[in-house]
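Here the structure is a predicted model, which is why all the values come from computation and not from measurement. Computation of the quantities below employed the complete heavy-atom set of this structure, encompassing side-chain atoms and omitting hydrogens, waters and symmetry-equivalent molecules. Positions are given from 1 along the sequence.
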Amino acid sequence: EKIAARYNDILGSAVGSLSGSALSGVCPLKNVQVTSGTTQALSLTFSALVNPGEEVVIIEPWFDVYVGDIAIAGGVCKFVSLKPPTSGGDGAAGASSTSQKSASSWKLDVAELKAAVTKGKTKMIVLNTPMNIPGKVWTREEM
């Protein structure tokens with residue numbers, strides 16, 4: 001108990017030092033969860049927020065822990081794939097080799113994303129940046 005209290009004091013100081021940042025005033029200590037890594041953070045998040053039968057939309061390719069954690073929570077995964085760049089990377093028709101293209105040139109089909117969302121069943125859309133696996137960093141417009 002004493003260790004937990006001291007830990008909360010240290011964490012409170014760290015969060016308090018964010019004064020003037022985007023989190024200032026909107027991130028009370030009770031809304032902060034510290035974990036030993038991403039895998040644990042994702043597991044806690046899915047377990048806390050996803051109920052049996054609820055859907056979670058995942059952008060492909062995805063980080064390998066998503067599917068297992070969502071299944072453990074009783075959720076149902078729905079997938080939407082990033083689209084590789086077309087020839088020239090300018091949207092022109094025709095397939096091309098993607099081996100020379102950067103991850104930023106891969107695009108999300110917004111209509112496909114909207115179609116994956118089921119009213120009353122979709123709990124969340126998992127969107128991280130940079131994406132683990134391809135390294136895509138979402139632009140402000142894409143977000």
Rounded to the nearest 0.5 Å, the CD1 atom of Ile59 sits from the CH2 atom of Trp138 at a distance of 5.5 Å
Consider only side-chain N and O atoms of Thr118 and Lys78, and report whether a donor and an acceptor are under 3.5 Å apart. yes
Identify the heavy atoms of Pro85 and Ser105 that sit nearest to each other, and give their distance. CG-OG, 3.5 Å
Do you know which two heavy atoms are closest between Cys77 and Ile70, and how far apart they sit? SG-CG2, 3.7 Å
Are the side chain of Thr45 and the backbone of Ala41 linked by a donor-acceptor contact shorter than 3.5 Å? yes
Find the distance between CD1 (Ile58) and CG (Leu127) and round it off to the nearest 0.5 Å. 12.0 Å
same_hphob_cluster(Phe79, Val126) at 4.5 Å side-chain heavy-atom cutoff: yes
NZ (Lys121) with more than 12 external heavy atoms under 6.0 Å: no
Taking all atoms of both residues into account, what is the closest heavy-atom pair of Glu55 and Ala116, and its distance? OE1-O, 4.2 Å
Would you give the length of the straight line joining atom NZ of Lys114 to atom CD1 of Ile125, rounded to the nearest 0.5 angstrom? 10.5 Å
Going hydrophobic residue to hydrophobic residue with side-chain gaps under 4.5 angstrom, can you get from Ile72 over to Val76? no
Side-chain heavy atoms under 4.5 angstrom apart, residues restricted to Ile, Leu, Val, Met, Phe, Trp, Tyr: same cluster for Val50 and Val57? no
Euclidean distance, Gln40 CD relative to Asp69 CG, rounded to 0.5 Å: 9.5 Å
Can you tell me how far CE of Met131 sits from CH2 of Trp62, rounded to the nearest 0.5 angstrom? 10.5 Å
Are Asn128 and Phe63 close enough that some pair of their side-chain heavy atoms sits under 4.5 Å apart? no
Look up atom CG in Leu49 and atom CE in Met124, then write down how far apart they are to the nearest 0.5 Å. 4.5 Å
Of the non-hydrogen atoms in Val137 and Glu142, which two are nearest, and what is the gap between them? O-OE1, 4.1 Å
Does Met143 share a hydrophobic cluster with Leu82, counting links as ILVMFWY side-chain heavy atoms below 4.5 Å and allowing steps through other members? yes
